[in-house]
Novice: 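Below is one structure. I have some questions about it.
Note that the structure is a prediction, hence the values are computed from the model and not measured.
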Amino acid sequence: MNKKYDVIVVGAGNAGLAFACTATKNGLKTLVIERNILPGGCATSFVRGRFEYESSLHELANVGTEENPGSVRQLFESYKAKVNWVNEENAFRVIADGENGYDATMPAGVEAFADKMEELVSGSRESVIALFDLAKKAEAAIAYLSQGKADPMVMMSEHADFMRMASHSVDECLNALGMPEKAQNIVKTYWPYLGASTDKLDLAHYLIMMARYIAGSPAMPLMKSHELSLALDDVIRRNGGEIFYNTEVKEIITENGKAIGVRIDEGEIYADCVVANCFPETAFSKMMDSKAVPQKALRLANARKKGELFFTVYLGLNRSAQELGIKDYSVFLFNSPDSLQQYRSMDSFDESFVIVNCLNTVIPTASEEGTCTLFLTTMLSESAWAGVNEENYKEIKNRIAKRMIELYEEKLNLSVKPYIEEIVIATPSTFARYLNTPNGTPYGYEVQPWDTMMARIMNANNEQFVENLYFVGAHGDRADGYSSAYSNGNSTAGKILREVKNSGKA
Ligand SMILES: Cc1cc2nc3c(=O)[nH]c(=O)nc-3n(C[C@H](O)[C@H](O)[C@H](O)COP(=O)(O)OP(=O)(O)OC[C@H]3O[C@@H](n4cnc5c(N)ncnc54)[C@H](O)[C@@H]3O)c2cc1C
């Protein structure tokens with residue numbers, strides 16, 4: 001056996017790329033192997049006609065500004081990865097239908113957000129500020145836990161508020177804070193970004209995500225998310241790492257219960273460890289000798305609930321955003337102000353919520369002059385797709401896309417359909433083909449009351465079922481999202497580097 005690498009990374013999604021950047025920066029001889037011809041997984045773009053579409057990114061959390069950088073900007077800077085960040089001044093616009101419905105445009109920035117909420121819901125300011133204070137406490141606790149420390153005495157004495165909120169749902173905590181109902185509903189607008197219902201999702205996780213968007217200003221790269229992935233590809237190569245594109249890992253090879261390398265069409269490649277950016281259950285069931293996979297690994301993978309399924313419509317329009325009267329970058333269209341009804345709407349093709357983004361409102365050069373692109377997203381549960389088969393697939397796909405476009409036109413009082421020059425629809429099957437995730441979910445495992453971010457971080461060591469095999473990605477401890485994937489990739493590299501150092505091999 002001829003070992004060539006310290007580490008082989010299976011997949012160049014956000015987490016795989018961040019892992020490889022930290023690993024190569026710290027001297028690990030690293031090979032990244034990616035099925036697609038491009039880096040990024042979700043984080044990419046594609047071209048149809050004269051339009052280049054952002055494939056997934058609505059907005060990135062925790063980028064911050066040049067003066068006040070967030071952890072994502074700092075991570076990219078630490079890699080010397082060059083990215084042209086663009087901040088969005090509004091957090092979101094939300095239109096909720098039904099009784100007590102509302103139409104609210106919420107600015108980024110804690111003070112501005114709280115002021116606007118007070119304007120919309122008198123008497124809400126104090127509880128909104130209290131919420132952002134709790135978010136800081138949750139960040140501090142997660143930073144402590146992420147160092148691999150979990151001393152119960154320290155947690156109880158220094159992170160008591162976090163311990164309290166980590167065992168309660170978003171709904172329970174917002175009620176306990178005495179926040180008026182309408183303000184609660186507006187505050188919960190971001191729940192689709194975690195894909196979990198607010199009666200089950202723990203407040204700490206939700207707050208960290210929400211505050212990273214609102215306090216840290218939502219951001220995106222000037223040249224779409226492909227700019228991020230290319231910048232990370234460049235870092236890996238500059239640091240001496242290698243990347244094979246258009247190459248699928250067919251097998252993770254094990255010997256005596258340890259991962260020792262991978263098999264691709266051209267042969268076997270060996271390494272000290274394998275880091276999989278693919279789903280654990282895909283690795284366990286399709287890429288490994290079943291005898292090498294412990295039963296408890298399979299049981300845990302099966303017990304977890306797979307994340308929601310995406311359905312996206314990308315439109316290239318032959319008018320500018322200005323000509324069409326499109327002003328908002330990001331609009332959430334819900335069928336109800338109640339977040340549980342919004343969550344349940346994912347069971348129905350005809351009711352699911354829709355998020356619409358127009359990149360040109362923030363980056364006018366996102367498409368040719370006189371044109372613009374729209375990116376419409378909905379999420380649907382696995383059960384919504386249960387009755388879909390080869391016969392009705394096309395009809396259902398067109399029906400969902402039509403409803404999404406018409407809902408946007410109706411709620412925003414705009415006309416879009418006559419100006420469609422290009423239309424691309426991505427269903428869960430499209431995502432499954434591109435990402436190689438179960439049913440195409442880009443969201444890993446949905447967080448559950450027994451499977452929270454905190455539980456995952458604290459149990460990380462117990463979940464390494466096969467020696468020298470690590471998993472990074474949306475299915476990891478930080479759950480879904482760009483910033484979570486970068487953080488998960490980076491912290492896993494830190495963990496391996498510590499292990500290498502402790503083993504005396506460094
Ligand atoms: C439409 C959409 C909108 C989204 N909007 C946002 C947003 O606004 N903000 C946000 O933060 N997040 C958003 N997300 C979620 C976010 O993109 C994902 O959670 C995150 O990027 C997942 O990263 P990952 O590292 O798990 O890798 P993935 O993106 O899942 O990539 C995994 C990579 O591994 C490769 N791979 C798998 N198996 C193999 C194999 N056997 N051999 C070689 N390569 C393999 C795949 O080809 C893929 O490139 C969105 C996702 C989608 C789809």
Novice: Salt bridge check, E281 against K306: does any charged N sit closer than 4.0 Å to a carboxylate O?
Specialist: yes
Novice: Please round to the nearest 0.5 Å and tell me the distance separating atom CG of L469 and atom CD1 of I260.
Specialist: 12.5 Å
Novice: Counting only N and O atoms by type, is there a donor-acceptor contact under 3.5 Å from the side chain of N488 to the main-chain atoms of G473?
Specialist: yes
Novice: Can you find a side-chain donor-acceptor pair between S336 and D338 that sits under 3.5 Å?
Specialist: no
Novice: Counting only heavy atoms not in K80 (residues, nucleotides, ligands), do more than 12 fall under 6.0 Å from its NZ?
Specialist: no
Novice: Looking at OG of S381 and OH of Y343, how far apart are the two atoms once the value is rounded to the nearest 0.5 Å?
Specialist: 8.0 Å
Novice: If you look at every heavy atom in K188 and S339, which pair is closest and at what distance?
Specialist: NZ-OG, 3.5 Å
Novice: Just so I know, are the side chains of D6 and C273 near enough to count as touching, which here means a heavy-atom distance under 4.5 Å?
Specialist: no
Novice: Ignoring hydrogens and geometry, is there a side-chain-to-backbone donor-acceptor pair from D289 to K291 under 3.5 Å?
Specialist: yes
Novice: What's the separation between atom NE2 in H226 and atom CG in L57, rounded to the nearest 0.5 Å?
Specialist: 14.0 Å
Novice: So, for V249 and M287, which heavy atoms are closest and what is the spacing to 0.1 Å?
Specialist: O-CE, 3.6 Å
Novice: Between K82 and D234, does any side-chain N to carboxylate O distance fall below 4.0 Å?
Specialist: no
Novice: Do Y5 and V274 touch side chain to side chain, with heavy atoms closer than 4.5 Å?
Specialist: no
Novice: If I compare all heavy atoms of L17 with all of G40, which pair ends up nearest, and what's the gap?
Specialist: CD1-N, 3.9 Å
Novice: For residues H205 and A479, report the shortest heavy-atom separation together with the two atoms involved.
Specialist: CE1-CB, 3.8 Å
Novice: Any chance you could measure E88, atom CD, to D328, atom CG, to the nearest 0.5 Å?
Specialist: 9.0 Å
Novice: Side chains of V94 and Y102, heavy atoms from C-beta outward: is any pair under 4.5 Å?
Specialist: yes
Novice: Around atom CD of E77, are there more than 12 heavy atoms of other residues, nucleotides or ligands at under 6.0 Å?
Specialist: yes
Novice: Indicate the atoms forming the closest heavy-atom contact of E118 with R125, along with that distance.
Specialist: OE1-N, 2.9 Å
Novice: Count the heavy atoms of every other residue, nucleotide or ligand shown that sit under 6.0 Å from CG of N256, and state whether that count exceeds 12.
Specialist: no
Novice: State the CG-OG distance between L174 and S127, to the nearest 0.5 angstrom.
Specialist: 8.5 Å
Novice: Can you tell me if E126 has over 12 outside heavy atoms packed within less than 6.0 Å of its CD?
Specialist: no
Novice: Would you please indicate if the ring centroids of Y193 and F332 are separated by under 6.0 Å?
Specialist: yes
Novice: Y470 and E499: side-chain donor and acceptor closer than 3.5 Å?
Specialist: yes
Novice: Checking the side chain of N36 only, and the main-chain atoms of Y434 only, is there a donor and an acceptor separated by less than 3.5 Å?
Specialist: yes
Novice: How about T437 and F431: do any of their side-chain heavy atoms sit closer than 4.5 Å?
Specialist: no
Novice: Compare all side-chain heavy atoms of N90 with those of S330 and state whether any distance is below 4.5 angstrom.
Specialist: no
Novice: Kindly say whether N68 contributes a backbone atom to a donor-acceptor pair with the side chain of T65 at under 3.5 angstrom?
Specialist: yes
Novice: Counting neighbours of NZ on K258 that are heavy atoms of other residues, nucleotides or ligands and sit closer than 6.0 Å, is the number greater than 12?
Specialist: no
Novice: Show the numbers, then the answer: is there a side chain to side chain donor-acceptor pair (under 3.5 Å) between T198 and D171?
Specialist: CA-CA 6 Å; T198 56; D171 290 354; 2.9 Å; yes
Novice: Is the side chain of R93 donor-acceptor paired with the backbone N or O of T105 at a distance under 3.5 Å, no angle test?
Specialist: no
Novice: Provide the closest heavy-atom pair for S345 versus F353 in the form atom of the first, atom of the second, distance.
Specialist: OG-N, 3.4 Å
Novice: Is the gap between the ring centers of Y190 and Y206 under 6.0 Å?
Specialist: no
Novice: Rounded to the nearest 0.5 Å, how far apart are CD1 of I208 and NZ of K136?
Specialist: 14.0 Å
Novice: Answer yes or no: are there more than 12 heavy-atom neighbours, outside K495 itself, under 6.0 Å from its atom NZ?
Specialist: yes
Novice: State yes or no: are the ring centers of F284 and F471 separated by less than 6.0 Å?
Specialist: yes
Novice: Answer whether the closest heavy-atom distance between the side chains of C42 and L435 falls below 4.5 Å.
Specialist: yes
Novice: Would you mind reporting whether W450 and R304 have side-chain heavy atoms less than 4.5 Å apart?
Specialist: yes
Novice: Counting distance only, does the side-chain N/O of Y329 pair as donor-acceptor with the main-chain N or O of H58 below 3.5 Å?
Specialist: yes
Novice: Can you label the angle between the F334 ring and the W191 ring as parallel, tilted or perpendicular, going by 30° and 60°?
Specialist: parallel
Novice: Do the side chains of D133 and K137 get close enough for a salt bridge, i.e. N-O under 4.0 angstrom?
Specialist: no
Novice: If only side-chain N and O atoms count, and only distance matters, is there a donor-acceptor pair under 3.5 Å linking N335 with Q341?
Specialist: no
Novice: Determine yes or no for a side-chain-to-main-chain donor-acceptor pair under 3.5 angstrom, with T452 supplying the side chain and P449 the backbone.
Specialist: no
Novice: Are the side chain of E34 and the backbone of I243 linked by a donor-acceptor contact shorter than 3.5 Å?
Specialist: no
Novice: Step by step, work out the side-chain contact (heavy atoms from CB on, under 4.5 Å) result for F162 and E139.
Specialist: CA-CA 9 Å; F162 170 78; E139 282 280 7; over 6 Å; no
Novice: Using a strict cut-off of less than 4.0 Å between a Lys/Arg side-chain nitrogen and an Asp/Glu carboxylate oxygen, indicate whether E463 and R456 qualify as a salt bridge.
Specialist: no
Novice: Between P428 and N439, is there a side-chain heavy-atom distance shorter than 4.5 Å?
Specialist: no
Novice: Give me the ring orientation class for F76 and Y486: parallel if the planes are under 30° apart, tilted from 30 to 60°, perpendicular past 60°.
Specialist: perpendicular
Novice: Using atom types as modelled and distance alone, determine if a side-chain donor or acceptor of T22 lies under 3.5 Å from a backbone N or O of A18.
Specialist: yes
Novice: With a cut-off of 6.0 Å (strictly less than), are more than 12 heavy atoms of other residues, nucleotides or ligands near CD of Q74?
Specialist: yes
Novice: After noting the C-alpha distance and the side-chain angles of S225 and E54, does the key distance pass the side-chain contact (heavy atoms from CB on, under 4.5 Å) rule?
Specialist: CA-CA 7 Å; S225 59; E54 166 58 58; 2.8 Å; yes
Novice: Taking N277 for the side chain and G13 for the main chain, is one N or O donor matched with an acceptor at less than 3.5 Å?
Specialist: yes
Novice: Passes side-chain contact (heavy atoms from CB on, under 4.5 Å), I457 versus R478? Steps please.
Specialist: CA-CA 8 Å; I457 292 175; R478 311 298 163 105; 3.8 Å; yes
Novice: Apply side-chain contact (heavy atoms from CB on, under 4.5 Å) to V187 and M210, showing your working.
Specialist: CA-CA 8 Å; V187 154; M210 184 191 100; 3.8 Å; yes
